[in-house]
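Here's the structure we're looking at; comments come further down.
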Protein chains: 2
Amino acid sequence: MPEPDAGARSPRQPTIRDVAERAGVSKSLVSLVLRDAPHVSDARRMVVLEAIAELGYKPNAHARGLSRTKSDTIGVLLNDLRNPWFVDVLEALTATLHASGLSPVLADSYTDQRVGRRSVEAMLQQGIDGLVVVGTTPEFDAIQAAAEVIPVVLAGTRDPKLPNVDIVVNDDAAGAREATQHLIDLGHTYIAHLSGPGEIGQLRLAGFREAMIDAGLDPEEFTETGGMSEESGYAASRRLLTRKKRPTAIFAFNDIAAIGALSAAADQGLHVPSDLSVVGYDNTYLSRIRHLSLTSVDNGNFAIGVQAGRFLAERLEAPVQLQRIHLVPATLEVRGSTAAPPAGK
Amino acid sequence: MPEPDAGARSPRQPTIRDVAERAGVSKSLVSLVLRDAPHVSDARRMVVLEAIAELGYKPNAHARGLSRTKSDTIGVLLNDLRNPWFVDVLEALTATLHASGLSPVLADSYTDQRVGRRSVEAMLQQGIDGLVVVGTTPEFDAIQAAAEVIPVVLAGTRDPKLPNVDIVVNDDAAGAREATQHLIDLGHTYIAHLSGPGEIGQLRLAGFREAMIDAGLDPEEFTETGGMSEESGYAASRRLLTRKKRPTAIFAFNDIAAIGALSAAADQGLHVPSDLSVVGYDNTYLSRIRHLSLTSVDNGNFAIGVQAGRFLAERLEAPVQLQRIHLVPATLEVRGSTAAPPAGK
DNA sequence: GACGCAATATGGAACGGTCTAAATTTGTCC
DNA sequence: GGACAAATTTAGACCGTTCCATATTGCGTC
């Protein structure tokens with residue numbers, strides 16, 4: 001006995017049963033059509049599809065998620081939304097997942113943490129079939145816990161080192177080497193590096209060292225501990241540029257830090273690139289801003305996203321696998337912030 | 001009869017029934033404890049909580065979502081992840097929602113569209129209780145459809161004009177007026193405006209006009225149609241700056257376009273701010289980059305996020321309400337890109 | 001025309017919670 | 001000490017799908 005609707009309440013979403021009734025078939029058949037299973041006659045399929053359209057039926061994800069084991073849903077843990085780096089990765093990842101019939105579910109770990117929300121846990125409860133971690137994250141424990149239940153892939157970070165978690169990163173050592181070599185080739189000999197955190201930071205530092213040593217230069221003299229922020233890049237550069245013997249080039253951990261270096265240079269009245277060359281890393285759209293025009297190492301974000309999606313799809317097929325590490329080549333994007341050192345230096 | 005586990009398969013997540021059995025109570029009681037309902041004796045509650053901890057029980061969101069009408073989940077439709085504008089809004093929004101016991105579910109409309117995924121629809125199927133649209137979006141139809149079923153709030157956009165959808169924006173006209181007035185106060189008389197799209201663009205243009213007319217200046221002379229991208233800001237500025245009579249100040253639709261203006265100025269050998277003043281809008285972290293140091297209108301993103309969260313929470317309480325529009329005050333953030341016009345101009 | 005097999009279609013039991021109504025326990029008052 | 005009300009606890013229906021086991025149908029054969 002239907003009650004009179006109070007106000008403008010919508011009369012409840014149609015369910016699979018409504019569709020079945022309308023089409024004059026069983027709900028099982030409707031279900032089969034929805035999942036476009038084989039063994040359904042074209043005639044019936046037609047009728048059902050029509051009923052679906054007429055009723056405006058939309059499947060209920062919860063119900064589906066409850067009875068199926070899988071949800072075809074992949075959690076994507078984003079970290080610093082302020083770092084534009086992840087956008088390309090996300091785009092490629094989304095496309096790749098979509099091609100495998102998977103839907104990404106986004107979570108912003110940084111913001112969530114600030115409000116005390118456990119993003120990974122929430123996603124797990126929601127029944128994600130897999131997890132992609134994009135960028136450095138602090139939630140090691142949660143990720144480890146997740147990895148025991150579902151496939152996990154790390155994109156652009158190497159850090160929670162876990163036995164059965166795939167890693168997709170760019171070749172940080174090679175990228176750093178190339179950036180440093182570029183400066184060396186320009187004629188620089190006083191080359192500084194603003195190092196960054198984590199294993200990624202170590203690798204970039206290693207690449208820098210390698211190139212310097214190969215060129216017979218001292219890699220230690222101008223290495224400063226930087227960070228991931230503009231602020232820290234600024235501070236570190238300031239320290240470097242106020243020394244009596246100062247570098248003619250700075251290779252920063254990432255674009256943001258490099259931008260801090262640009263500011264520090266401006267403060268000291270140094271012109272980029274004639275007085276000081278600056279190289280960043282990540283090739284974010286920041287580096288492409290004409291006014292900054294930052295030479296930067298492109299870490300192949302798009303390729304990273306694609307491969308991360310592939311790894312995940314593969315793991316969903318065959319869960320038990322050893323850890324795999326995929327290195328995406330890094331390429332240097334030369335822009336206006338690098339040039340030969342000032343004469344006489 | 002439990003089968004021997006093939007491989008390292010986890011033995012199925014414990015359910016509410018397992019907890020009940022372990023605690024020696026009914027599953028209903030467990031459910032009550034989970035929702036910390038009143039009328040549960042402390043003794044029982046204790047026992048249940050213990051069992052939950054011992055078993056490592058995690059509630060299944062699908063099952064819950066299926067039987068409850070509400071999901072306490074709010075869809076957040078983000079648009080251009082490349083525009084850092086939305087980050088602050090998201091942060092405030094997340095915090096506010098969280099305080100009301102609601103969880104945000106993120107979707108990236110831009111990326112989703114590129115891969116042909118219907119973000120709003122997906123969220124609806126997932127059972128969101130409400131939707132917040134952050135920033136301009138193209139999915140008008142989908143939003144309209146959503147608004148017929150659940151509360152919808154627009155943050156930072158006015159565009160799908162719908163009868164029962166709340167809007168939270170900054171006072172664009174006032175902000176534009178203030179920015180323009182700042183330039184007038186500095187002594188500029190040749191002031192250009194790079195206008196932007198949508199109603200927001202119209203309002204900022206209107207504010208600009210108002211201030212100009214009040215000051216007895218011609219608002220039309222240097223108004224160019226810009227856009228939301230660096231590219232379009234660059235192009236429009238270039239057109240302006242290559243005229244024989246050129247402006248001494250540019251007020252751009254947003255920070256990104258303003259950065260394009262900076263580049264155009266550099267191309268023409270104009271120094272900012274001594275030859276040309278530039279003002280942006282949005283006060284994104286880009287404007288704060290020392291190297292850019294862009295004077296910009298702060299549109300109170302945080303406040304926008306907070307109010308959007310409130311509106312939504314209110315609508316969840318009392319669904320039938322007329323549309324409300326909340327204006328957040330805009331404040332000018334003066335930085336290094338504005339100064340008095342060159343003497344003799 | 002009956003028979004057997006494949007191709008289709010259907011009933012009904014899960015899935016893991018919530019929630020209502022009813023049962024049970026506890027407590028209070030005379 | 002018993003009646004009655006209040007406070008707890010519980011049984012069991014139900015939410016909308018999936019999917020397994022069982023019908024039912026359609027056809028080619030003999």
Distance col, row B/Ile167:CD1 vs B/Phe311:CZ, nearest 0.5 angstrom, shows 10.0 Å
Report task. Report yes or no: does B/Gln323 contribute a side-chain atom to a donor-acceptor pair with the main-chain N or O of B/Val165 at less than 3.5 Å? Result -> yes
Would you check if B/Asp36 and B/Arg45 make a side-chain contact, meaning some heavy-atom pair closer than 4.5 Å? yes
Quiz prompt | Any side-chain heavy-atom pair of B/Leu34 and B/Ile52 under 4.5 Å | solution = yes
Ordered by number, residues from residues 36-57 of chain A within less than 4.0 Å of DNA chain D (heavy atoms) are A/Tyr57
Does B/Ser71 reach the main-chain N or O of B/Gly127 with its side chain, forming a donor-acceptor pair under 3.5 Å? yes
Per the under-4.0 Å heavy-atom filter, residues of residues 58-75 of chain B near DNA chain D come out as B/Leu66, B/Ser67
Decide yes or no on side chain to side chain contact (heavy atoms under 4.5 Å, CB included) for B/Val169 and B/Leu327, but give the supporting numbers first. CA-CA 5 Å; B/Val169 282; B/Leu327 278 192; 3.7 Å; yes
Subject >> Side-chain N or O of B/Arg35 closer than 4.0 Å to phosphate OP1/OP2 of C/dC19 >> reply: yes
Between B/Asp166 and the options B/Arg315, B/Arg310, B/His326, the side chain to side chain donor-acceptor pair (under 3.5 Å) test singles out B/Arg315
From CG of B/Leu34 across to P of C/dG17 the rounded distance in Å is 8 Å
Taken to the nearest 0.5 Å, the spacing of A/Leu78 CG from B/Leu81 CG works out to 8.0 Å
Self-check item: Student check: side-chain heavy atoms of A/Asp72 and A/Asp129 closer than 4.5 Å
Solution: yes
Within residues 19-31 of chain A, the residues having a heavy atom closer than 4.0 Å to DNA chain C are A/Val25, A/Ser26, A/Lys27, A/Ser28, A/Leu29
Just so I know, are the side chains of B/Asp112 and A/Thr94 near enough to count as touching, which here means a heavy-atom distance under 4.5 Å? yes
With the side chain counted from C-beta on, respond yes when A/Thr137 and A/Ile143 share a heavy-atom pair under 4.5 Å apart, and no when they do not. yes
The salt bridge (Lys or Arg N to Asp or Glu O under 4.0 Å) partners of B/Glu139 (sequence neighbours excluded) come to B/Arg118
**Q.** Neighbour count above 12 (heavy atom, 6.0 Å) for B/Glu21 CD
**A.** no
| message | In the structure I gave you, are the side-chain heavy atoms of A/Lys58 and B/Leu124 within less than 4.5 Å of one another anywhere? | response | no
The correct set of residues in residues 119-131 of chain A placing a heavy atom under 4.0 Å from DNA chain D is none
Donor-acceptor pair, side chain of A/Ser100 and main chain of A/Leu102, under 3.5 angstrom: no
Min and max contacting nt of DNA chain D in 5' to 3' order, chain B heavy atoms within under 4.0 angstrom, are D/dT8 to D/dG16
